[in-house]
Protein chains: 2
Amino acid sequence: MWLIMLQLRDLPTQEVLQRFAQRYPAADVTAIASFLMLLRVATDLSVALDACLSKHDLLQGRWWVLILLMREADLTSTPSVLAEKLGVTRATMTGLLDGLEQGGLVQRISVPEDRRSVKIQLTAAGQAKLDAVMPDYYTRLRLCMRGLSEQQRNDLQAILGVIDHGMSAWDFNQ
Amino acid sequence: MWLIMLQLRDLPTQEVLQRFAQRYPAADVTAIASFLMLLRVATDLSVALDACLSKHDLLQGRWWVLILLMREADLTSTPSVLAEKLGVTRATMTGLLDGLEQGGLVQRISVPEDRRSVKIQLTAAGQAKLDAVMPDYYTRLRLCMRGLSEQQRNDLQAILGVIDHGMSAWDFNQ
DNA sequence: ACATTATAGTTAGCCAGCTAATTATGTCAA
DNA sequence: TTGACATAATTAGCTGGCTAACTATAATGT
């Protein structure tokens, strides 16, 4: 499953937040401000990533599939597993793989042991594409994060872990 | 402009990250790990938000429009301004407003001074919808963030600010 | 053994973003 | 004043997610 998130260019002022908190007593002002900023920065990062990938004729979904394949020792996986790891439906994965196979970046290989299943393998061209994209991506990401100390990087991951854990409370009734 | 981001259910192990870093010297392992976790948590939050809103028959885009209107003292704005604040195209805003107007949550009011423009106003029904949704949303958000100390909330916002600032480096050539 | 159920992948059609073009109106300079 | 340009909103058509339904194959239980 994919997420559609907006850019939220306009964060609320403290005064507006206070006004909302007055009308809605459940509001936790610092929680809201942190949440909105988190969404905004993440969205900006993803938009920037899209821009970077588009220069290499790639879309984010297909690029992630290539990366997932490269993570495997034998550069191979199956549509179902890839779909699960990427958080998309199997139907969506079929479309992603169609595009990648058409571009010669992956190939479908039939599996005799289980004729329902298909192996997906990163091709040499797929690896070459990653070798072209990843240094660009990593360089930008390094520059983007260069202002953060190791301490801050650890803090960030710890904080995100707490939020992630707290999110189980989101579905407190249903 | 909206962002499409995947759920990234499967973060790379330290061992995989090391292997990538060996092939691509530009890689900054802790930067990558922080980045991926940031994307994942933000995506999970947005998916959870979608689920919450859907119980009130709302989609995220339309809901943000209602909030933007409620932030205004006169509960009024224009399609162009709303589109800019939300980070979507004006064409997209037309569609969002069509849906909201059809549901009676906003109304279009013609502007005599500039006959090209239209005023968008939150209706009583729109305010009532927000009054139904916001306490639910704020309560969930509070629970979700309850594990974070005030210190951590400040740290998070500071860290996100640094990333946001560093992101100008993303487009270092184009 | 064979009917039922589960699983892998695909197809068909929907939905809400997007870009590009269109209409209408306002602004400004020669 | 009028021709060129700018701006506000909309429409038309594209794209890449999604769900639901389908085919084929495997596993299971009586």
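Sequence lines set the chain letters: A, B, ... in the order given, protein chains first and strands last, and positions in each chain run from 1.
- Summarising the geometry, the separation between CG on B/Leu86 and C1' on C/dG17 is reported as 12 Å, rounded to the nearest angstrom.
- The distance between atom CD of A/Glu84 and atom C1' of C/dG9, rounded to the nearest whole Å, is 15 Å.
- DNA chain D is contacted by B/Arg108 of residues 102-115 of chain B, taking any non-hydrogen atom closer than 4.0 Å.
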Can you name the atoms? Protein N/O to nucleotides 1-7 of chain C N/O, anything below 3.5 Å, with the distance.
| residue | atom | partner | partner atom | Å |
| --- | --- | --- | --- | --- |
| C/dT7 | O2 | A/Arg116 | NH1 | 3.0 |

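- In this structure, B/Ser117 reaches the sugar-phosphate backbone alone: every heavy-atom distance under 4.0 Å involves primed, P, OP1 or OP2 atoms, never a base.
- By the 4.0 Å N-to-carboxylate-O rule, B/Asp131 lies close enough to A/Arg23 to be salt-bridged with it.
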For A/Arg153 and B/Asp28, run salt bridge (Lys or Arg N to Asp or Glu O under 4.0 Å): C-alpha distance rounded to whole Å, both residues' side-chain angles, the deciding distance at 0.1 Å, then the answer.
CA-CA 12 Å; A/Arg153 295 170 191 213; B/Asp28 175 340; 3.0 Å; yes

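- Here ring-ring contact (aromatic ring centres under 6.0 Å, His included) pairs that include residues 87-137 of chain A, with residues two or more places apart or in two chains, are A/Trp63-A/Tyr137.
- Judged by distance alone, the side chains of B/Ser77 and B/Glu72 never bring a donor and an acceptor atom under 3.5 Å apart.
- Between A/Leu82 atom CG and C/dG9 atom C1' there is a gap of 13 Å when expressed in whole angstrom units.
- At least one donor-acceptor pair under 3.5 Å links the side chain of A/Ser34 to the backbone N or O of A/Thr30.
- With hydrogens and angles left out, the side-chain atoms of A/Thr92 and A/Thr89 include a donor and acceptor closer than 3.5 Å.
- Not counting sequence neighbours, A/Arg90 has no partner by the salt bridge (charged side-chain N to carboxylate O under 4.0 Å, His left out) test.
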Which side-chain N or O atoms in residues 102-111 of chain B pair as donor and acceptor under 3.5 Å with protein atoms at least two apart or in another chain?
| residue | atom | partner | partner atom | Å |
| --- | --- | --- | --- | --- |
| B/Arg108 | NH1 | B/Asp98 | OD1 | 3.2 |
| B/Arg108 | NH1 | B/Glu101 | OE1 | 2.6 |
| B/Arg108 | NH2 | B/Asp98 | OD1 | 2.9 |

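- When side chains are defined from C-beta on, B/Leu49 does not count as touching B/Arg140, because their heavy atoms never get closer than 4.5 Å.
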Dot-bracket encoding of pairs in DNA chain D, which uses [ ] for pseudoknotted crossings and | for another strand, Watson-Crick or G-U under 3.5 angstrom:
||||||||||||||||||||||||||||||

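- When rounded to the nearest whole Å, the span between NZ of B/Lys119 and C1' of D/dA8 equals 16 Å.
- If you take CD of B/Gln60 and C1' of C/dG17, they are 13 Å apart, rounded to a whole angstrom.
- A/Glu101 places its CD atom 13 Å from the C1' atom of C/dT10, with the value rounded to the nearest Å.
- In terms of hydrophobic clustering, with Ile, Leu, Val, Met, Phe, Trp and Tyr side chains grouped at heavy-atom distances under 4.5 Å, A/Val81 and A/Leu75 are assigned to different clusters.
- The side chain of B/Thr92 places no N or O atom within less than 4.0 Å of a non-bridging phosphate oxygen (OP1 or OP2) of C/dG17.
- B/Asp98 has its CG atom 15 Å from the C1' atom of C/dC15, to the nearest Å.
- Residue B/Thr94 is in base contact, counting any heavy-atom pair closer than 4.0 Å across all strands shown.
- Side-chain atoms of A/Ala91 lie closest to C/dT11 of the nucleotides C/dT11, C/dT19, D/dA9.
- Per the geometry, CH2 belonging to A/Trp63 stands 17 Å off P belonging to D/dG16, to the nearest Å.
- Side-chain contact of A/Gln151 with A/Asp155: a donor-acceptor pair under 3.5 Å is present, judged by distance alone.
- Taking the charged nitrogens against the carboxylate oxygens, B/Arg40 and A/Asp164 do have a contact shorter than 4.0 Å, which makes a salt bridge.
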